[in-house]
S.K.: 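Take this structure first; my questions come after.
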Amino acid sequence: MTTPFSVATWNVNSLRARIDHVLQWLKESGVDVVCLQETKMTDDRFPADVLREAGYEHLVWHGQPTYNGVAILSRYPLEDIQTGLPDDEDDPQARYVSATVLGVEVHNVYVPNGQAVGSDKFHYKLRWLERLHQRLQGRVSAERPLILCGDMNIAPDDVDVWDPFVMDGQLLCHPEERRRLEAIRALGLRDGFRERNPFASAFSWWDYRQRGFERNHGVRIDLIYASEALHTRCTDVSIHRHVRSWERPSDHCPVVATFE
DNA sequence: ATGGTGGAAAGTCCA
């Protein structure tokens, strides 16, 4: 029948700078499928050999110089790999990769940050979310096992931010971006962490600046959404907060969902 | 305090 497996999302803020943390965390977590964002390297520099040695034989990566970059590391074979959104030809930003593993469609995204509400980059963010919506429309159904995960760069609700009054209407919380994320979720996706922890303010990103982690000034923007068929198999969603306290960490920590 | 910290990459851009 179905194979139990776990899936993680983690914005590593440079895979080159974070490779030791990644290897350490892969060893301690043993997660089966890992979706990375912000690898920040060209494809020829991707450390495929060392990741294969760590047990992740099946890899896909999609990078560019300096910025962005996404990858999927898997203990199980990857099929139907797609790098970039379908209409990516005039967009050089590497923010999307998808593959099917164990019969599950995994869509790994690095949603644009948006820089500042109302800026050109903010409009690019909104447009990118609409392109993601188009990609998933018709693919999400109750019966098909599917995951959408990644750095959404949007806190879905006020409970997902350290201070909803300070953050009200700001980047990561603005109604225009929240509305577009909710429209994607409403295609038929479930936020397993939120459903299991309805009132928990638990975060996945803390600003490097102004001692954000020490003061727990964080937001939950790294999400794992599952289709109905997969959500019924979900046994746990955990935020691996301790990784953020390691020496010279990414500003994001990993999030892991487990399915039976 | 239009700052602050960290990464890429070599002066800024991005988050």
Side-chain angles (χ1 to χ4, degrees), chain A residues 9-25 34-47 50-51 61-71 84 88 91-97 108-129 132 149-156 160-163 166-174 176-178 180-181 203-223 239-255:
Chain A
T9 180
W10 189 9
N11 180 321
V12 293
N13 187 18
S14 170
L15 184 52
R16 192 180 307 111
R18 219 66 59 204
I19 187 64
D20 290 347
H21 281 200
V22 169
L23 293 171
Q24 174 68 30
W25 181 77
V34 181
C35 294
L36 301 181
Q37 304 89 36
E38 282 207 271
T39 54
K40 287 188 172 179
M41 54 174 54
T42 49
D43 288 339
D44 57 304
R45 296 187 174 225
F46 190 82
V50 67
L51 293 169
W61 57 93
H62 178 44
Q64 66 176 86
T66 310
Y67 302 118
N68 309 315
V70 287
D88 248 1
D91 184 349
Q93 302 196 26
R95 299 181 173 276
Y96 173 89
V97 61
N108 174 19
V109 299
Y110 176 43
V111 174
N113 170 278
Q115 194 175 54
V117 173
S119 66
D120 288 349
K121 289 191 175 69
F122 187 73
H123 290 294
Y124 171 74
K125 178 182 198 173
L126 300 181
R127 177 70 193 124
W128 198 92
L129 288 163
L132 177 62
C149 70
D151 177 357
M152 304 297 171
N153 264 316
I154 299 167
D160 298 306
V161 306
W162 65 279
D163 188 331
V166 169
M167 296 288 287
D168 183 46
Q170 301 297 305
L171 192 71
L172 314 182
C173 299
H174 193 274
E176 284 294 310
E177 48 190 319
R178 280 180 165 170
R180 282 165 178 78
L181 178 63
F203 310 133
S204 63
W205 175 84
W206 299 260
D207 203 318
Y208 286 125
R209 294 165 287 191
Q210 297 173 310
R211 306 185 336 111
F213 183 65
E214 289 77 2
R215 299 196 289 172
N216 201 30
H217 289 188
V219 292
R220 191 176 71 98
I221 57 178
D222 300 275
L223 309 180
I239 299 178
H240 287 209
R241 188 183 197 281
H242 68 285
V243 176
R244 184 64 173 76
S245 69
W246 291 356
E247 192 176 349
R248 296 193 75 78
S250 169
D251 43 356
H252 299 249
C253 75
V255 181

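Every chain is numbered from 1 and lettered A, B, ... according to where its sequence line falls, protein lines coming before strand lines.
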S.K.: Along nucleotides 5-13 of chain B, 5' to 3', which nucleotides get a B, which get an S, and which get a -, given that the test is a protein heavy-atom distance under 4.0 Å?
M.R.: BSSSS---B
S.K.: Roughly how many Å apart are B:dA1 and B:dA10, using the P atom of each and rounding to a whole number?
M.R.: 36 Å
S.K.: Send over the distance from A:L171 CG to B:dA15 P, rounded to a whole Å.
M.R.: 9 Å
S.K.: Could you pull out all residues at least two apart from A:W61 that satisfy ring-ring contact (aromatic ring centres under 6.0 Å, His included)?
M.R.: A:F46
S.K.: Report the residues that fulfil side chain to side chain contact (heavy atoms under 4.5 Å, CB included) with A:Y67, sequence neighbours left out, ordered by chain and then residue number.
M.R.: A:Q64
S.K.: Does A:R215 reach a base, just sugar-phosphate, or nothing at all? Heavy atoms under 4.0 Å.
M.R.: nothing
S.K.: Looking at side-chain heavy atoms only, is the closest gap between A:V34 and A:V22 below 4.5 Å?
M.R.: no
S.K.: For atom C1', what is the distance between B:dT2 and B:dG7, given to the nearest Å?
M.R.: 22 Å
S.K.: Which residues, if any, of residues 109-118 of chain A bring a heavy atom under 4.0 Å of DNA chain B?
M.R.: A:Y110, A:N113
S.K.: Using a 4.5 Å cut-off on heavy atoms from C-beta on, say whether the side chain of A:W206 contacts that of A:R241.
M.R.: yes
S.K.: Any side-chain heavy atom of A:K121 within less than 4.5 Å of one from A:N113?
M.R.: no
S.K.: What residue pairs, at least two apart or across chains, pass side chain to side chain donor-acceptor pair (under 3.5 Å) with a residue in residues 37-46 of chain A?
M.R.: A:T9-A:Q37, A:N11-A:E38, A:N13-A:K40, A:Q37-A:N108, A:E38-A:Y110, A:T42-A:D44
S.K.: For A:M152 and B:dA15, what is the distance between atoms CE and C1' respectively, to the nearest whole Å?
M.R.: 18 Å
S.K.: Is there a side-chain contact between A:I154 and A:R180 in this structure, where contact means two heavy atoms from C-beta onward sitting under 4.5 Å apart?
M.R.: no
S.K.: Please name all residues satisfying side chain to side chain contact (heavy atoms under 4.5 Å, CB included) with A:Q170, sequence neighbours left out, ordered by chain then number.
M.R.: none
S.K.: Taking C-beta and beyond as the side chain, do A:W10 and A:V243 meet within less than 4.5 Å on heavy atoms?
M.R.: yes
S.K.: What distance, rounded to whole Å, do you find between the two P atoms, one in B:dA9 and one in B:dG3?
M.R.: 25 Å
S.K.: Within this structure, what is the CG-to-C1' distance between A:N11 and B:dC14, rounded to whole angstrom?
M.R.: 12 Å
S.K.: Tell me: CZ of A:R95 to C1' of B:dA15, nearest whole Å?
M.R.: 10 Å
